[in-house]
Amino acid sequence: MIPRHARIAYLTPLYFDENSYIGGGERYPLNLAKGVVAASEGASRVDIISYGRTPRRIELSPGVWLRVLTIHNRPADPLDVLSWDLPDAIDEVDLVHIHAAFTRSGEMGLLVAKQRGKPVCVTDHGGSSSGLGREVGMLELADRVIAYSQFGASFFRTKTRVEIVPGGVDGTMFTPSPVPVVRDRVLYVGRLLPHKGVDRLIEALPDDLPLTVCGRPYHAKYFEDLQALACGKQVSFVTDASDATILDLYRRSWANVLPSVYRDRYGTTYVAPELMGFTLLEAMACGTPAIAARTGAMPEFIDEGVNGFVFDDVDALRGLLRRLADDPSLVERMGLAARRTVDERFDLTVAGGMMLAIYRDLIDAAREAAA
Amino acid sequence: MKILALTNLYPPDVIGGYEIACGHIVDFLRGRGHDVRVLSGAPRQPVATADHVWRRFQLTDVWNPYAMGFGHSTRMLREAESRYFNAHNVHVLLSALEEFQPDVLYACSLIGLGGLGLLGAIQFLDQPWVWQLGDAVPKYLCSQPNGLIPPLAKLFGDSLSGSFIVVSRRLADEIESHGIRLNGPSEIIPNWIVGSRPEPRREYFRSGRLRVLNAGQISGHKGIDCLLEAVAILKRDGVDLDLDLFGPTDPRFDSVLRKLDLNDRVRLMGIRSQSEIFAKYSEYDVFAFPTESREPFGMAPLEAAARGCVPIIARECGIAEYMVHGVHCLKADRTPASFAAALGDVARGRVALEPIGRRGEAFAWREFHIDVVAPRIERGLLEAASRSRRPLGGFDDARRMARMAEHLTHMIVQEGLVA
């Protein structure tokens, strides 16, 4: 029996908002929530439960609510926030999906949800602040582990069933331009952090091609280094772009490039630098080809030569940039394919449908057990 | 019925009457043919072994004065282990459940064991449980050393559902006044006396003057200051009486006695065994009990009444709910003047002790003997054991959750959410 009115909680220590944090790990739950509600034709409701200094509850879009719980602890890491109000919030829902699993917030959420008898899904977005969950095998307590890539799934060592739900991009918000536009640049969209490898992109950029680097700097030294590398090249930085600006940039670019690395320019290594690469999908939804380093999960989302390219080194990237800049018809052809890929596989309604099916199975089972 | 009793300590290693009472009920239930195991804390002193007593819990001995000298963070972590979560103890409990497979759990004092974690695991596995509340243990478990944690108190009531036996209405009210809901069937059942009824007592004032005693903790919260001031008033009024105080004594009372000039009327008798105290009751006319108002029950005046020693008790305490003024006891406000008036009335012969003593004795043996009270507890256990179960997960899940909870609690304590 399919529950018609399932209510689901997404637990996330940070939420996609100016008041919290702007990152893929925060964008993904929001989009997935919209997708779940859309897939259920409005019968489901998702509460994105997060934390802040002031409690509030607002409807972000039909059926998707943001509920901010008062932070009651004083953690050193913002991923470790806790609230006494969490048990009551969890009591109101049928299922709990924990985003940012390996944080103290995630651990506490799992504990409370289990003690309250709620089915639990867990997703790891890569951010980690606590080793406790891994040490005690917290994933064994979950009913499902949700990964959004094969690469991401490969990290889970658990007997709990792992499901892959890729994508989740908003294909109504990110669309090709309705009117013809001139594509005149290479684009990077994402946070400015060393593991994003933007330095490699600047290095690969031919002198005569413009590049827009769009994202917030979260690492002062890295931002300084990028600016130094950009001297003498046509690189512009946009650090406070609105959604409309980003959309416009996607539409006016030859390609959106995500050059993430396993080892950054400072020697720091990353086991899982990209579990999906959300901005690649956003660009693809706008009909713009994607170029990704052969890093993390990104190659899983690109059909090479069809809707984008995957590169292995700076020289190869330089060649790809030149090729797309010089061949507008190739850009248009790949852009159309990219949009089609998103519609068929990575739109939030597709991901939401997959996710909703999982939720319904778990809620049904829990209700049967309780009956 | 297979019954697993949970208690922080178990006779002969006890803190007070709570653990002794647990021993009484276990013996009673075994005598009734039930298969009973006791899961208790490791003893603080070597004790004789018994097959049915598993002293396996790790006890966080928060009563040990030596522990008071620990640094703040150490003390806070020990308090957290005492009150909230001790993963080792959850493991011990789960192992005992797997090994013994009880029909029902009978919980007594869970202080020092990480009681919330034990109850949480029991709840998760949906094991039927009955909690014998002889004191405000839920409040303790939901508190930190400097006071109650209201959201934790709320969480307690929302999360833990079982059966409760509470020794007085006063105690139930006290627990619930802190926002701690006792979620499940709750029955007020008094504490009990054991042993055989002695020959009825007929003689009072044997020494020609009133002999009064108090036994238990000789401390301020038991009203000893009030009692001494009452005796001082009577001395000033020329009323003769003797007061003997039995039990561990706050050293400051030496100076209090000197200050009030009562060394000719009051003796500090020190610690005696329970059987010695019982024997002493018949040598005294009155048991004065001006205890604090939150006294959950008050065993000593009941035991005294059972031996014909007339209790004069504070009007506001647990045992006062059961005993009737002028019928089984005398009641007074918890003030020196009120206790002086009550004692003075007796000493001056304005109140006849013998009929009160006789009725009190009969009442104690008729209404409070373990053979009368314990069957009610047994019925509560049977009812709890008969309900259906719906566990939320398995033993491995519970073990993992306990470890997570313990670690998270330690971190939270260090961060000051609970500090």
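When heavy atoms are compared at a cutoff of 4.5 Å, A/A369 approaches chain B solely by way of its backbone atoms N, CA, C and O. Looking at A/D88, only its side chain comes within 4.5 Å of chain B, counting heavy atoms on both sides. Both the backbone and the side chain of A/L111 come within contact range of chain B, judged by heavy atoms closer than 4.5 Å.
Of the listed residues B/K154, B/Q123, B/M401, the one with more heavy-atom pairs under 4.5 angstrom with chain A than any other is B/M401. Interface summary for chain A: among B/G120, B/G394, B/P391, the most heavy-atom pairs under 4.5 angstrom belong to B/G120. Options A/V136, A/L110, A/D91 differ in how many heavy-atom pairs under 4.5 Å they form with chain B, and the most are formed by A/V136.
For the pair B/R399 and B/E98, the salt-bridge criterion is met [side-chain N within less than 4.0 Å of a carboxylate O]. Between A/D94 and A/R367, at least one side-chain nitrogen of the basic residue sits less than 4.0 Å from a carboxylate oxygen of the acidic one, meeting the salt-bridge criterion.
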* Test salt bridge (charged side-chain N to carboxylate O under 4.0 Å, His left out) on A/R67 and A/E92 and set out the steps. => CA-CA 12 Å; A/R67 182 169 182 185; A/E92 294 179 12; 3.2 Å; yes
* Going through the checks in order, is the side-chain hydrogen bond (donor to acceptor under 3.5 Å, both in side chains) test met by A/T123 and A/H97? -> CA-CA 7 Å; A/T123 294; A/H97 188 154; 2.7 Å; yes
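Taking the six-membered ring for Trp and thresholds of 30 and 60 degrees, B/W131 and B/F164 have ring planes inclined between 30 and 60 degrees apart.
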